[in-house]
**Q** 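Please see the structure below; I have some questions.
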Amino acid sequence: MDNNFSISFKTTDDIKIPPKIVDQVIGQEAAVEIIKKAAIQRRNVLLVGAPGTGKSMLGQALSQLLPAEKLVDILAFPNPKDENEPTIKTVPAGEGKRIVNQAKARNMSALGGGNNMIIFLGFIVAFFIATYVVSILVSDQKNPILAAANQISGTLFIITMLIGFLFVLLMYRLGRTSLKTNVPAPKLLLDNSSAKYAPFIDATGAKEGALLGDVQHDPFQSGGLGTPAHERVVLGDIHKATGGVLFIDEIANLSPETQIQLLTAMQEKKLSITGRSERSAGAMVKTNPVPCDFILVGAGNPNTLSEMSPALRSRIRGYGYEIYMNETMPDTIENRDKIARFVAQEISKDTKIPPFSKDAVVEILNEARRKSNRKESLTLKLRELGGVIRVAGDIAVENKHSIVNRDDVLKAKNYAGSFEQQIAARYIKEKKDYDVIQVSGSRIGRVNGLAVIENSDSGLMLPIEAIVTKSMRKGSGEIIATGKLGEIAQEAVKNVSAIVKLYANKPLTDYDIHIQFLQAYSGVEGDSASVSVAISILSALTNIPIKQSVAMTGSLSIWGEVLPVGGVSAKVEAAINAGIKEVIIPASNVDDLVLSDPKVVKIIPADSITDVIEHAMIDNAQKRKLLNTIKKSLKIKHDKK
């Protein structure tokens with residue numbers, strides 16, 4: 001036992017893994033309770049949250065909680081009244097296979113078991129062999145009697161082959177007639193004879209036919225060679241999920257028409273199957289309604305709600321639950337135990353990697369802290385952690401380690417870097433080679449800002465440059481920002497302009513202020529560059545140089561308060577990779593910071609813009625004058641309060 005875990009273990013082999021999936025879910029306690037209720041009452045569920053937080057696992061847990069004894073088999077029978085309307089029947093699980101076997105045996109019996117055909121064909125083969133042997137033996141003989149015998153045997157062979165052909169044709173016709181008078185064997189569409197649990201069907205990305213069912217095309221539609229319509233019926237995922245769970249991630253990606261069909265299936269608990277392609281012969285076929293009594297577990301990100309069919313969402317909400325997934329959990333000793341158990345679970349599922357030592361699990365725990373981007377929290381984006389676990393295991397196997405150690409995990413962090421992290425590393429290297437990123441000396445109007453690549457946890461160094469020029473007309477000064485700024489970033493620049501006007505020692509109406517986010521080809525969004533923009537403009541206005549060995553991040557209020565931002569750990573890591581020695585961050589973000597090696601960089605917490613100016617700008621008379629001006633403004637503000 002130590003300060004990290006309450007459970008005692010040397011390796012993950014010592015950690016007990018719960019047998020039920022519902023007990024393996026990490027950090028989603030409220031969702032688990034709802035899933036248990038949904039299993040009892042058969043309610044639909046919509047799970048909304050970031051990728052990798054356990055949405056599909058909750059769906060699997062729900063299916064495991066459902067009773068398997070209520071499952072059924074589904075069969076398709078030919079319809080003697082209309083062959084294009086196959087009849088669908090359901091029977092208890094395991095009965096379907098017996099019914100099909102009985103029907104096949106009955107049809108074989110109607111044909112005499114095929115014995116007559118086999119005997120006659122055997123006779124033809126034997127006669128052919130005998131005739132062939134005789135012809136070989138007498139072919140070289142000059143005796144006229146033997147030659148006549150050879151001709152007779154050849155003639156008999158031809159006559160026998162003709163009789164055999166007529167016999168086979170007769171038997172085929174008799175067989176067709178017999179089949180018409182007997183019930184053909186049905187097709188077993190759904191076989192639950194060996195099912196131990198209710199089905200879990202993942203229909204993510206399924207096309208219309210795969211989701212709703214289809215009837216296969218028949219290229220031989222005439223001459224008695226066609227396949228009967230009931231044998232071409234194919235169940236959709238909604239039918240296969242009968243009695244269990246239908247899971248659809250990114251449910252809003254379904255076409256509006258498919259969403260309405262899905263809604264109909266949920267309401268009626270049955271849906272006919274027809275050919276989905278108008279050019280297919282299957283379009284002529286339509287079954288009677290096929291059972292599809294499933295529990296829908298839909299999933300997606302927050303945008304899913306606005307893109308879903310209102311009717312479908314209303315059905316889920318009115319007859320089920322909506323759950324917003326947790327993305328972090330408190331960094332308590334109980335939850336650290338859960339992270340250790342998660343490592344053991346991932347190893348058990350993978351089956352190809354060795355167990356982790358305790359030190360290796362601690363390193364995974366540190367990665368969970370870093371990826372949470374919040375103080376005293378652990379990430380629940382567990383798929384990303386799982387990637388690190390598997391890469392560390394692969395490294396251990398390659399090095400012939402029987403146990404994954406801490407060094408294996410540290411190496412895995414480099415190998416398991418996301419696509420965005422690889423881009424950021426390459427970007428920093430290339431921009432340093434061409435002096436776009438500078439990490440030494442000082443420059444007027446230029447600051448090393450920090451950002452996070454959109455939809456990732458990868459930090460990026462973002463140089464920002466400002467210059468102040470006389471406007472073309474008196475009183476027409478403006479602030480111009482370039483670099484593919486998003487809506488929030490543009491608003492942040494406007495807020496910064498208000499701060500600059502408040503602290504500047506000269507009127508700005510006669511000046512144009514140009515702000516450039518250098519080579520920000522992928523665009524800039526958010527307000528975490530507010531501090532960097534403000535310092536850049538103030539430097540350009542006052543000619544006070546900025547230290548290029550310093551990088552910074554933070555949002556800024558119109559009164560100069562430095563406000564917290566997201567992704568602070570990733571941003572500082574990007575600064576370290578670029579060679580930065582000091583990083584200014586909001587004071588309220590200090591506890592959020594989790595670094596691989598905290599000693600390689602100096603962290604400077606800032607509460608207000610004066611703290612940033614104090615550490616980022618070169619010390620001179622202009623700097624002291626600027627600080628006095630700002631402090632007076634701040635004093636007026638506090639006096640008004």
Side-chain angles (χ1 to χ4, degrees), residues 423-424 426-454 459-472 476-501 503-504 506 508-556 565 567 571 574-575 578-580 583-584 609 612-613 616-618 626:
I423 289 176
R426 186 174 300 178
Y427 172 89
I428 290 172
K429 181 181 183 303
E430 291 177 355
K431 301 315 173 189
K432 285 179 70 175
D433 291 342
Y434 291 99
D435 291 330
V436 176
I437 292 177
Q438 298 179 7
V439 295
S440 61
S442 60
R443 290 280 298 273
I444 292 174
R446 182 175 177 130
V447 64
N448 287 321
L450 297 169
V452 172
I453 297 176
E454 190 176 3
L460 186 68
M461 181 82 84
L462 188 64
I464 302 169
E465 205 159 37
I467 188 171
V468 179
T469 61
K470 277 274 190 180
S471 60
M472 297 295 290
S476 63
E478 59 180 336
I479 294 181
I480 303 164
T482 59
K484 292 179 67 176
L485 272 65
E487 185 177 345
I488 299 174
Q490 291 176 10
E491 292 179 355
V493 170
K494 290 178 183 177
N495 289 339
V496 167
S497 66
I499 300 168
V500 171
K501 290 174 183 176
Y503 301 146
K506 52 188 175 184
L508 299 180
T509 55
D510 297 336
Y511 295 90
D512 289 335
I513 301 175
H514 297 265
I515 307 161
Q516 183 182 13
F517 291 77
L518 296 180
Q519 299 189 340
Y521 303 128
S522 60
V524 178
E525 186 56 290
D527 66 345
S528 64
S530 300
V531 166
S532 305
V533 172
I535 295 299
S536 177
I537 295 174
L538 289 172
S539 171
L541 284 169
T542 60
N543 290 320
I544 305 172
I546 301 170
K547 300 174 186 176
Q548 298 302 292
S549 60
V550 176
M552 62 190 71
T553 185
S555 181
L556 202 61
V565 294
K571 292 174 181 177
I580 292 294
V583 181
I584 300 172
I609 194 169
V612 182
I613 293 171
M617 291 183 171
I618 298 294
L626 176 62

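What you see is a predicted model, and the numbers here were worked out from it, not measured in a lab.
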**Q** As a test of understanding, state which of L462, I546, V533, V531 forms a side-chain contact (heavy atoms from CB on, under 4.5 Å) with V447.
**A**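 Result: among L462, I546, V533, V531, I546 is the only option passing the side-chain contact (heavy atoms from CB on, under 4.5 Å) with V447.
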**Q** Suppose we screen for side chain to side chain contact (heavy atoms under 4.5 Å, CB included). Which residues come up paired with A534, at least two apart in sequence or across chains?
**A**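 Counting only residues at least two positions away or on another chain, A534 forms a side chain to side chain contact (heavy atoms under 4.5 Å, CB included) with V496, L556, I609.
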**Q** Taking all heavy atoms of M461 and all of A578, pick out the closest pair and write down the distance.
**A**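 Heavy atoms only, the tightest pair is CE-CB, 3.3 Å.
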**Q** Under 3.5 Å, is there a donor-acceptor pair between the side chain of S536 and the main chain of G445?
**A**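 Here the side-chain-to-backbone pair exists.
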**Q** State which residues pass side chain to side chain donor-acceptor pair (under 3.5 Å) with S442; sequence neighbours excluded, sorted by chain then number.
**A**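 S442: no side chain to side chain donor-acceptor pair (under 3.5 Å) contacts found.
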**Q** Identify, with sequence neighbours excluded, every residue that meets side chain to side chain donor-acceptor pair (under 3.5 Å) alongside Q548.
**A**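 Q548: no side chain to side chain donor-acceptor pair (under 3.5 Å) contacts found.
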**Q** Within a strict 4.5 Å, meaning less than it, do heavy atoms of the S549 and V439 side chains meet?
**A**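 They are not in side-chain contact.
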**Q** Quick check against the 3.5 Å criterion: does N448 have a side-chain atom that pairs as donor or acceptor with the backbone of Q438?
**A**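 Indeed, once roles are kept as given, a pair shorter than 3.5 Å links the two residues.
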**Q** For the CD1 atom of I618 and the CD1 atom of I544, what is their distance to the nearest 0.5 Å?
**A**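 The CD1 atom of I618 sits 10.5 Å away from the CD1 atom of I544.
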**Q** For T553, which residues count as a side chain to side chain donor-acceptor pair (under 3.5 Å) partner, sequence neighbours excluded?
**A**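 Side chain to side chain donor-acceptor pair (under 3.5 Å) check on T553 returns K571.
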**Q** With rounding to the nearest 0.5 angstrom, report the CE to CG distance, M617 to L626.
**A**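 That separation rounds to 6.0 Å.
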**Q** Output side-chain donor-acceptor pairs under 3.5 Å for residues 463-472, partner residues at least two apart or in another chain, one line each.
**A**
| from | atom 1 | to | atom 2 | distance (Å) |
| --- | --- | --- | --- | --- |
| E465 | OE2 | R443 | NH2 | 2.9 |
| S471 | OG | R473 | O | 2.8 |
| S471 | OG | D510 | O | 3.0 |

**Q** To check you understand the geometry: which heavy-atom pair defines the closest contact between V565 and S555, and what is its length?
**A**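 That would be CG1-N, 3.4 Å.
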**Q** Looking at CE of M552 and CG of L450, how far apart are the two atoms once the value is rounded to the nearest 0.5 Å?
**A**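 Here the interatomic distance stands at 8.5 Å.
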**Q** Between atom CD1 of I535 and atom OG of S530, what is the distance when rounded to the nearest 0.5 Å?
**A**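 I535 atom CD1 to S530 atom OG measures 11.5 Å (nearest 0.5 Å).
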